[in-house]
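In what follows, a single structure is set out as structure tokens and then discussed.
Basis for what follows: all heavy atoms, side chains included, without hydrogens, waters or symmetry-related copies. If you read the sequence from its start, that first residue is 1, and numbering goes on from there.
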Amino acid sequence: QVQLVESGGGSVQAGGSLRLSCAASGYTARNNCMGWFRQAPGKEREGVATIDRRGITSYTDSVKDRFTISKDNAKNTLYLQMNSLKPEDTAMYYCAAGRTYGGYCYGTYLPDSGYWGQGTQVTVFS
């Protein structure tokens with residue numbers, strides 16, 4: 001019943017920007033931790049950024065000061081603004097939402113196994 005649908009991915013030149021969106025349905029975004037994760041071929045999935053119900057954010061070091069996670073509770077939508085993109089940012093990006101009501105994020109980790117979207121591809125070329 002819970003559905004997370006990512007959009008906004010694409011191919012962009014290094015130094016450019018993209019904004020990813022994650023529309024949630026059957027889910028109340030304001031109550032839980034939500035975040036963005038990514039996985040490149042041959043690499044493990046890594047947490048990129050999270051935001052909790054208080055609006056507190058956390059970023060992995062490689063994207064800090066370049067990416068911004070935000071949430072529009074009224075629209076039940078999560079965003080990831082990505083600036084100064086680098087080729088190493090190339091990956092499939094997934095939206096995820098914690099299952100625990102009132103649960104908080106722990107760094108770039110969800111408090112539980114979460115709900116997951118199907119991903120949107122981001123490719124950064126030189």
Minimum heavy-atom separation for [X] to [Y], with atom names?
{"X": "S62", "Y": "R38", "answer": "OG-NH2, 3.3 Å"}
{"X": "T108", "Y": "V48", "answer": "CG2-O, 3.9 Å"}
{"X": "L78", "Y": "S70", "answer": "CD1-O, 3.3 Å"}
{"X": "S17", "Y": "N83", "answer": "OG-OD1, 2.9 Å"}
{"X": "T100", "Y": "N32", "answer": "O-ND2, 2.5 Å"}
{"X": "R53", "Y": "R30", "answer": "CB-O, 3.0 Å"}

[X] [atom1] to [Y] [atom2] distance, which is reported to the nearest 0.5 Å:
{"X": "I69", "Y": "C105", "atom1": "CD1", "atom2": "SG", "result": "7.5 Å"}
{"X": "S126", "Y": "K86", "atom1": "OG", "atom2": "NZ", "result": "12.0 Å"}
{"X": "S7", "Y": "Y79", "atom1": "OG", "atom2": "OH", "result": "9.0 Å"}

Heavy-atom distance under 4.5 Å between the side chains of [X] and [Y], does that happen here?
{"X": "S113", "Y": "R99", "value": "yes"}
{"X": "F125", "Y": "Q13", "value": "yes"}
{"X": "L20", "Y": "E6", "value": "no"}

T77 and D72 side chains, donor-acceptor separation under 3.5 Å: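 No, no side-chain donor-acceptor pair sits under 3.5 Å.
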Cation-pi geometry met for R19 and W36 (6.0 Å, 45°):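 R19 over W36 ring: no.
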Cation-aromatic face contact R66/Y59, 6.0 Å, 45 degrees: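 That pair does not qualify as a cation-pi contact.
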When you group the ILVMFWY residues by side-chain heavy-atom contacts below 4.5 Å and let the links chain together, are [Y] and [X] in the same group?
{"X": "Y27", "Y": "L80", "answer": "yes"}
{"X": "I51", "Y": "Y93", "answer": "yes"}
{"X": "L4", "Y": "L18", "answer": "yes"}
{"X": "F37", "Y": "V124", "answer": "no"}
{"X": "V63", "Y": "V12", "answer": "yes"}

Trace of the side chain to side chain contact (heavy atoms under 4.5 Å, CB included) decision for K71 with M34: CA-CA 9 Å; K71 184 171 57 174; M34 298 186 72; 4.1 Å; yes
Ring geometry between Y94 and W116 (parallel below 30°, tilted from 30 to 60°, perpendicular above 60°):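 Rings of W116 and Y94: perpendicular, over 60°.
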Main-chain N/O of G9 paired with T120 side-chain donor or acceptor, under 3.5 Å: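 A pair under 3.5 Å: yes.
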Qualifying residues under salt bridge (Lys or Arg N to Asp or Glu O under 4.0 Å), relative to D52, sequence neighbours excluded: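 In terms of salt bridge (Lys or Arg N to Asp or Glu O under 4.0 Å), with neighbours along the sequence ignored, D52 is linked to R54.
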Verdict with reasoning, Y104 to C33, per side chain to side chain contact (heavy atoms under 4.5 Å, CB included): CA-CA 5 Å; Y104 297 112; C33 169; 5.8 Å; no
Intermediate values then yes/no, side chain to side chain contact (heavy atoms under 4.5 Å, CB included), M82 and V122: CA-CA 10 Å; M82 305 185 293; V122 171; 3.8 Å; yes
Greater than 12 external heavy atoms within 6.0 Å of Q118's CD: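 Counting neighbours around CD of Q118, 12 or fewer heavy atoms of other residues, nucleotides or ligands fall under 6.0 Å, so no.
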